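Take a look at the structure set out below.
Atom set for the values below is all heavy atoms of this structure, side chains included, hydrogens, waters and symmetry mates excluded. In this text, all values refer to a predicted model and were calculated from it rather than measured experimentally.
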Amino acid sequence: MAGYRRQLYRDDAVVLRVQKLGESDRIITLLTRRHGRLRAVARGVRRTTSKFGARLEPFGHVDLQLAGDPKGNHGSSLHTISQVEGIDLYGKRFLGDYPRYTAASAIAETAERLTPIEREPSLRLFQLTLGALRSLARGDHATTLVLDAYLLRGMAFAGWAPALTACAVCGTPGKHRAFSVPAGGAVCPDCRPPGAAHPAPATIDLMSALTTGNWAYADATETGVRRECSGLVAAHLQWHLERALRSLPLVDRGAPASGAVPPPGGAGPGVVPPRTGAGPAAAGVNREMTE
């Protein structure tokens with residue numbers, strides 16, 4: 001529109017992803033508190049003289065001043081970052097810790113997938129993402145528990161929460177032993193489809209605990225139960241996303257337990273794989289988050 005002048009506005013955001021642009025710029029993908037997910041150009045941040053390049057790294061919580069139309073009605077869809085202050089740069093705490101880095105990568109990728117429309121406010125998802133990264137940084141709980149809790153609650157926001165306390169098909173209440181990803185969660189014997197998984201009762205209980213925030217129960221669970229829970233959660237998420245998350249197969253989940261449902265990246269009995277192929281090798285996470 002002729003005569004349009006770009007507005008300046010402030011917001012705080014979580015940095016989800018960065019990409020190279022030209023010789024010295026970057027495109028930063030942000031999940032903001034009030035304006036949802038948006039992309040912005042950071043000019044000159046790859047130069048050694050940049051004053052705020054180090055603040056715009058993945059997983060950081062930052063306060064920003066941006067130039068552009070916050071509603072997206074005028075001008076380019078790419079905003080410009082004019083000022084940035086670091087509130088808490090969690091990424092610095094993950095660089096030397098492979099399990100936490102890959103878990104944070106999966107959280108950031110999931111947050112981007114769950115916000116397909118730019119500039120659509122999603123305060124609950126922003127708070128959930130920020131809380132998950134903060135918990136990882138502080139080491140409050142095992143990394144896999146934090147990640148699975150985030151995925152389960154994120155699916156609840158999107159309307160994809162697995163049925164855990166009633167049959168996903170007929171609604172019969174109770175703790176059912178079978179779990180079917182295409183059916184939507186736990187299923188009773190009458191509704192159980194062919195190929196349904198039969199996880200341990202403790203696995204379904206762990207999924208319920210992570211969904212409701214019962215960390216006392218979750219922290220006391222065994223490794224085998226956690227791995228089986230991770231396999232079901234990842235399969236359920238990727239089924240609804242209709243594509244695999246590239247970072248999930250790289251998450252360090254410890255040594256596999258006998259009979260446990262394997263985590264994403266390997267096939268296992270009773271777990272329906274996502275409807276697309278697996279992600280790239282480990283180097284892909286670094287490219288996705290920092291290039």
Side-chain angles (χ1 to χ4, degrees), residues 1-96 100-101 104-105 107-138 150 285-291:
M1 178 177 292
Y4 169 68
R5 296 184 62 185
R6 307 187 84 187
Q7 303 177 39
L8 292 177
Y9 66 98
R10 298 196 72 89
D11 205 345
D12 66 307
V14 173
V15 179
L16 301 181
R17 183 159 56 100
V18 301
Q19 299 167 273
K20 291 180 180 178
L21 178 66
E23 296 183 356
S24 61
D25 305 336
R26 277 180 173 169
I27 297 175
I28 314 296
T29 302
L30 304 159
L31 181 60
T32 67
R33 183 182 297 272
R34 291 181 291 276
H35 300 92
R37 181 179 61 83
L38 56 84
R39 297 184 305 151
V41 176
R43 304 289 184 189
V45 295
R46 290 164 54 201
R47 298 193 185 110
T48 56
T49 56
S50 173
K51 295 181 179 179
F52 54 78
R55 303 169 197 166
L56 291 172
E57 293 295 333
F59 322 131
H61 182 203
V62 295
D63 181 77
L64 300 153
Q65 179 174 277
L66 300 111
D69 181 6
K71 295 184 179 180
N73 296 326
H74 304 286
S76 171
S77 62
L78 283 176
H79 296 196
T80 301
I81 298 173
S82 57
Q83 294 180 9
V84 57
E85 295 292 336
I87 298 175
D88 208 330
L89 305 180
Y90 300 119
K92 293 182 178 180
R93 310 184 202 178
F94 303 152
L95 292 179
R100 288 200 292 175
Y101 183 86
S105 300
I107 288 171
E109 185 179 357
T110 302
E112 189 170 358
R113 297 284 181 84
L114 293 179
T115 51
I117 302 176
E118 289 194 10
R119 290 182 294 275
E120 183 174 83
S122 184
L123 177 60
R124 294 177 66 192
L125 184 62
F126 169 81
Q127 292 173 329
L128 177 66
T129 304
L130 181 58
L133 293 174
R134 182 183 296 122
S135 182
L136 280 179
R138 294 191 306 212
Y150 176 83
V285 169
N286 292 330
R287 286 200 303 272
E288 176 71 14
M289 306 308 290
T290 60
E291 295 297 328

Practice task
Decide yes or no for V14 and L16: does some side-chain heavy atom of the first lie under 4.5 Å from some side-chain heavy atom of the second?
Solution key: yes
Handout entry: CG on L128 to CG on L123, rounded to 0.5 Å
Key = 11.0 Å
Exercise for the section: Could you check L31, T29, L38 and say which one makes a side chain to side chain contact (heavy atoms under 4.5 Å, CB included) with T115? Expected result: L31
Handout entry: Among V45, L66, L64, the one residue meeting side chain to side chain contact (heavy atoms under 4.5 Å, CB included) with V84
Key = L64
Fill in the blank from the handout: Those residues at least two apart in sequence (or on a different chain) that pass salt bridge (charged side-chain N to carboxylate O under 4.0 Å, His left out) with R10 are D63
Fill in the blank from the handout: Between the CD1 atom in I28 and the CD1 atom in I81, the distance rounded to the nearest 0.5 Å is 5.5 Å
Handout entry: Closest non-hydrogen atom pair between R47 and S24, with its separation
Key = NH2-OG, 3.4 Å
Exercise for the section: Given side chain to side chain contact (heavy atoms under 4.5 Å, CB included), test E57 with R26 step by step and report yes or no. Expected result: CA-CA 10 Å; E57 293 295 333; R26 277 180 173 169; 3.1 Å; yes
Fill in the blank from the handout: Here the gap from I27 atom CD1 to L56 atom CG, rounded to the nearest 0.5 Å, amounts to 13.0 Å
Problem - Interatomic distance, I107 atom CD1 to F59 atom CZ [nearest 0.5 angstrom] - result: 8.5 Å
Exercise for the section: Find the distance between CD (E112) and CD (E109) and round it off to the nearest 0.5 Å. Expected result: 8.0 Å
Exercise for the section: Let me know which of H61, R100, R138 forms a side chain to side chain contact (heavy atoms under 4.5 Å, CB included) with Y90. Expected result: H61
Handout entry: Pairs where residues 30-45 contributes a residue and the test salt bridge (charged side-chain N to carboxylate O under 4.0 Å, His left out) is met, not counting sequence neighbours
Key = D11-R34, D12-R33, D25-R43, R37-E118, R39-E118
Problem - Side chain to side chain, R93 and D88, heavy atoms closer than 4.5 Å - result: yes
Exercise for the section: Measure from the side-chain N and O atoms of T129 to the backbone N and O of L125, and report whether any donor-acceptor pair falls under 3.5 Å. Expected result: yes
Practice task
Would you list the pairs meeting ring pair (Phe, Tyr, Trp, His ring centres under 6.0 Å) in which at least one residue belongs to residues 16-37, sequence neighbours left out?
Solution key: Y9-H35
Fill in the blank from the handout: d(H79 NE2, Q65 CD) to nearest 0.5 Å is 13.5 Å
Handout entry: Heavy-atom pair of closest approach, residues Y150 and A132
Key = CD1-CB, 3.7 Å
